[in-house]
Amino acid sequence: MTKTFYVTTPIYYVNAEPHIGHAYTTINADFLARWHRLDGYDTFFLTGTDEHGEKIAQAAARAGKQPQQFVDEVSAKFKKAWEILHISYDDFIRTTESRHKKVVQQYLQEIYDRGDIYYGEYEGLYCVGCERFLTEKELVDGKCPDHGVEPELRREGNYFFKMEKYRAWLRDHINKNPGFIRPERYRNEVLAILSEPIGDLSISRPKSRVSWGIELPWDPEHVTYVWFDALLNYISALGYPEGERYKKYWPAAQHMIGKDILKTHAVFWPTMLKAGDVEVYRHLNVGGHLLAEGRKMSKSLGNVINPFEWSEKYGSDAVRYYLLKETPYGLDGVVSEEGLIERYNADLANDLGNLLQRVRTMVLKYREGVLCRREPGAGEAVVVAAAEGLAAKVRGYVRELRFNQALEEVLQFVRLLNRYVNEREPWKINDPEDLDRVLYTVVDGLRTASVLLAPALPVKMAELRAALGLGELSVADVEGWGGLPDGHKLPAEAPILFPKVESEKKKQSKYIPAKKPKKDEAATITYEDFAKLDLRVAQVKGVEKHPNADRLLVIRLDVGGEERTVVGGLAEHYAPEELVGKKVALLANLKPRKLRGVVSHGMLLAAEGADGTLALLEPGREVEPGSKIS
RNA sequence: GGCGGUGUAGCUCAGCUGGUUAGAGCACACGACUCAUAAUCGUGGAGUCGGCGGUUCAAGUCCGCCCACCGCCA
């Protein structure tokens, strides 16, 4: 029996267009879905849109549209957005679909029949202008901020779900299942919430006030409010309770959410499932928020990042890769376009893309595109060892939701392959068998990387495999070294995989000469500045070549009885024996600094000629070593 | 006010149950190489590990207090 895996994003509320927050959660979910498909799981990936509520009805009215037409349009924008980002969802649930409404009504009725829903009176501060209840927090000086009117105390009939009844059970469940809410910080937060009474949950609104919703089956004068409408999508899309999908994928569910909706998913949703006698989901995975310039994104700050614009400029894979690689899942992460370009150039263009290019060129040039499988030798040991454990390591990181580490692990392998090529220098190898061995090993490594990176870079890794003449592969195909068939042939042509991107900053520095201060014009300083320098005459006692640098000399000096060592870049200008005995000018109170392993206590003054030759300054008359220069 | 999180090289981040000279990538400098997308490889530099105090033979890593930012709750 194959293992099953079910992952969901939240259903997104259609009062806003798709933005980076939606994209981030969805990309994380897509990564998990794609990984599990490649790793042999029977996988189901669900996303969708949340389309009911008074806000939607109002937004539709403002746009001069019927609610249904309005939600159709916004929902389509989400589908379009996921198309741009290559989100591989298997189903897209909309809460206005009849398949969903049916389940919601059925589920509500079940719980009502069990006695966990009761009718009660809600009392609160109601603003007539807003046509809704306001919370204390929203009030400004006791008045509605939008209408400047004091809200009136009003009672309203609501149905309530007996949530408090399940609090103890939920707390117990979370305590017994450490991985239920991940990462742990959010688990602690939920346990804190559950340590105090959570009360019962208002789940309906009178239809007179909120018309755009799903009617309660036992009382058509009320519609269900948010929770039962939205959260049940996770099982309605599977065809609860009799659907094949439901039987197959529930409860092996992992919900991916942002930390802003923790409480609804960690408290409301599990108790709702428990009340319906449905087994609770497996994991709730909570992601952090993306920040721009270290702050929240907001329209007023004008720092809102649009991942869809980035996708147009750099490709959706680059955006996916960047968001997954740059920030650890669960924490807030700082992102920027500059950061994206850096990551793209360094990891994708230089390390990975260039490796493909260089090895392809060699295989075509030296071997007419044909690879021969040769058993690895001592020179391959490091690569083979790395390849053997790679898939398992990546799998481990993915399980822990450490997507950034999973990707970094593969990138380290790619860097290892580049190092391997430099060490083995295939362009110098004469032995044809050994040359085969090196080229095969590199291509096989790229083949492995292409699979393990595919969950982040689905489009580009397929292109990479095409450039190697390979088709779809699974994780099982890359568990270890040497899966590439003997005699495999590379296609003659392949485009550059990741063309390098020039950032705005770099472009500028290219055309505008760097504004380094010219050597011969320095800023004016005061005498006090100058007086800080301790300049001394010193006599050279001995000179040796620096053990680790061709250009440096290690010079022992007599500074008036005190001996000290200075390292200077003089090897190209003076022979060691030529210096001994010379009296020179020393900056004696320069902060000591290690130069290639030898500590230098000061610096010798020298003039630089137009051709770059250095001439040490020497006193014009006889003076004692240690004499002060001023 | 209570609870929780974060604070480690210029930047983005690793550092598990405390243990050799605190790491990686980017950026910077120098060197090597030429198969390659001015690429790759090597070397180098600095960090009072937010601050103070404590436990310990030993703390970035545990405890206490404090500071900054963030979140949840009130």
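This one's a predicted model, so the numbers in the text were calculated from it and none came from an experiment.
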- Message: As a test of reading the structure: which of C70(B), U40(B), A14(B) is closest to the side chain of Asn350(A), going by heavy atoms?
- Response: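 Among the listed nucleotides, the one closest to the side chain of Asn350(A) is U40(B).
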- So which nucleotide from U37(B), C41(B), A24(B) ends up closest to the side chain of Lys500(A)?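 Side chain of Lys500(A) sits closest to U37(B).
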Using a 4.0 Å heavy-atom cut-off, does [X] contact any base of the nucleic acid, only the sugar-phosphate backbone, or nothing at all?
X: Ala349(A); answer: base
X: Gly339(A); answer: nothing
X: Asp351(A); answer: sugar-phosphate
X: Arg187(A); answer: nothing
X: Arg343(A); answer: sugar-phosphate

Whole angstrom is fine here: how far is it from [atom1] in [X] over to [atom2] in [N]?
X: Ile341(A); N: C26(B); atom1: CD1; atom2: P; answer: 17 Å
X: Tyr186(A); N: C73(B); atom1: OH; atom2: C1'; answer: 16 Å
X: Glu326(A); N: A24(B); atom1: CD; atom2: P; answer: 18 Å
X: Tyr397(A); N: C16(B); atom1: OH; atom2: P; answer: 12 Å
X: Lys393(A); N: A24(B); atom1: NZ; atom2: P; answer: 16 Å
X: Glu408(A); N: G15(B); atom1: CD; atom2: C1'; answer: 14 Å
X: Arg402(A); N: A24(B); atom1: CZ; atom2: C1'; answer: 13 Å
X: Leu411(A); N: C13(B); atom1: CG; atom2: C1'; answer: 14 Å

- Check: Leu352(A) main-chain N/O paired with Asp347(A) side-chain donor or acceptor under 3.5 Å: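 Checked: no pair found.
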- Message: Has Arg373(A) got a side-chain atom pairing as donor or acceptor with Thr441(A)'s backbone, closer than 3.5 angstrom?
- Response: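 Side chain of Arg373(A) to backbone of Thr441(A): no pair is present.
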Expressed as a whole number of Å, how far does the [atom1] atom of [N] sit from that of [M]?
N: U6(B); M: U61(B); atom1: C1'; value: 16 Å
N: G47(B); M: U40(B); atom1: P; value: 28 Å
N: G19(B); M: C62(B); atom1: C1'; value: 14 Å
N: C41(B); M: G7(B); atom1: P; value: 29 Å
N: C52(B); M: A59(B); atom1: P; value: 15 Å
N: A9(B); M: G51(B); atom1: P; value: 10 Å
N: G60(B); M: G54(B); atom1: P; value: 15 Å
N: G5(B); M: G50(B); atom1: C1'; value: 15 Å

- Query: What pattern of brackets, bars and dots sums up RNA chain B from 5' to 3', given Watson-Crick or G-U wobble pairs under 3.5 Å, [ ] for crossing pairs and | for another strand?
  - Reply: (((((((..((((.....[...)))).(((((.......))))).....(((((..]....)))))))))))).
- Measure the CD1-CG distance between Ile257(A) and Asn285(A) for me, rounded to the nearest 0.5 Å.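 The CG atom of Asn285(A) is 8.5 Å from CD1 of Ile257(A), to the nearest 0.5 Å.
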- Distance from Leu194(A) atom CG to Lys263(A) atom NZ, nearest 0.5 Å?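 It comes to 9.5 Å.
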- Task: Step through it carefully: locate the ring centre of Tyr322(A), locate the ring centre of Tyr314(A), and say whether they are under 6.0 Å apart.
- Result: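 Judged by ring-centre distance (under 6.0 Å), Tyr322(A) and Tyr314(A) do not meet the cut-off.
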- Ring center gap for Tyr440(A) and Trp481(A) short of 6.0 angstrom: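 Yes - the distance between ring centres of Tyr440(A) and Trp481(A) falls below the 6.0 Å cut-off.
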- Query: Quick one: side-chain contact (heavy atoms from CB on, under 4.5 Å) partners of Ile496(A), sequence neighbours excluded?
  - Reply: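 Once residues adjacent in sequence are excluded, the partners of Ile496(A) under the side-chain contact (heavy atoms from CB on, under 4.5 Å) criterion are Gln357(A), Pro499(A).
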- How are the rings of Tyr24(A) and Tyr329(A) set to each other: parallel, tilted or perpendicular (split at 30° and 60°)?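 Tyr24(A) vs Tyr329(A) ring planes: tilted.
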With 3.5 Å as the limit, what N/O pairs link the protein to nucleotides 33-35 of chain B?
residue, atom, partner, partner atom, Å
C35(B), O2', Arg358(A), O, 3.3
C35(B), O2, Arg358(A), NE, 3.0
C35(B), N3, Arg358(A), NE, 3.3
C35(B), N3, Arg358(A), NH2, 2.6
C35(B), N4, Arg358(A), NH2, 3.0

- Item | Results of ring pair (Phe, Tyr, Trp, His ring centres under 6.0 Å) for Tyr321(A) - residues two or more places apart only |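 By the ring pair (Phe, Tyr, Trp, His ring centres under 6.0 Å) rule, Tyr321(A) matches no residue at all.
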- Start with the C-alpha distance between Arg415(A) and Glu408(A), add both sets of side-chain angles, then the distance that settles salt bridge (Lys or Arg N to Asp or Glu O under 4.0 Å), and finish with yes or no. CA-CA 10 Å; Arg415(A) 290 185 204 111; Glu408(A) 175 60 19; 3.1 Å; yes
- Message: Assuming nearest nucleotide by heavy-atom distance, tell me which of Gly353(A) and Gln405(A) is located more 5' along RNA chain B.
- Response: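 In this pair, the answer is Gln405(A).
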- Item | RNA chain B: 5'-proximal contact among Pro328(A) and Lys259(A) (nearest heavy atom) |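 Nearest nucleotide further toward 5': that of Pro328(A).
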- Task: Produce a footprint string for nucleotides 2-9 of chain B: one letter per nucleotide, 5' end first; B if the base is under 4.0 Å from any protein heavy atom, S if only the sugar-phosphate is, - if neither.
- Result: ---SS---
- Message: If the cut-off is 4.0 Å, is Arg419(A) near the phosphate of G42(B), judged by side-chain N/O to OP1 or OP2?
- Response: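 Checking Arg419(A) against G42(B): at least one side-chain N or O falls below 4.0 Å of OP1 or OP2.
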- Task: Flag this pair as yes if the NZ/CZ of Lys259(A) is under 6.0 angstrom from the six-membered ring centre of Tyr186(A) and inside a 45 degree cone about the axis; otherwise no.
- Result: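 Cation-pi check for Lys259(A) and Tyr186(A): fails.
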- Heavy-atom pair with the smallest gap, counting every atom of Thr9(A) and Ala29(A):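 In terms of heavy atoms, the two residues are closest at CG2-CB, 3.7 Å.
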- Candidate pair Phe180(A) and His283(A), rule ring-ring contact (aromatic ring centres under 6.0 Å, His included), full reasoning: CA-CA 5 Å; Phe180(A) 183 58; His283(A) 294 293; 8.0 Å; no
- Query: With Lys365(A), which residues qualify under salt bridge (charged side-chain N to carboxylate O under 4.0 Å, His left out), at least two apart?
  - Reply: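 Salt bridge (charged side-chain N to carboxylate O under 4.0 Å, His left out) list for Lys365(A), sorted by chain: empty.
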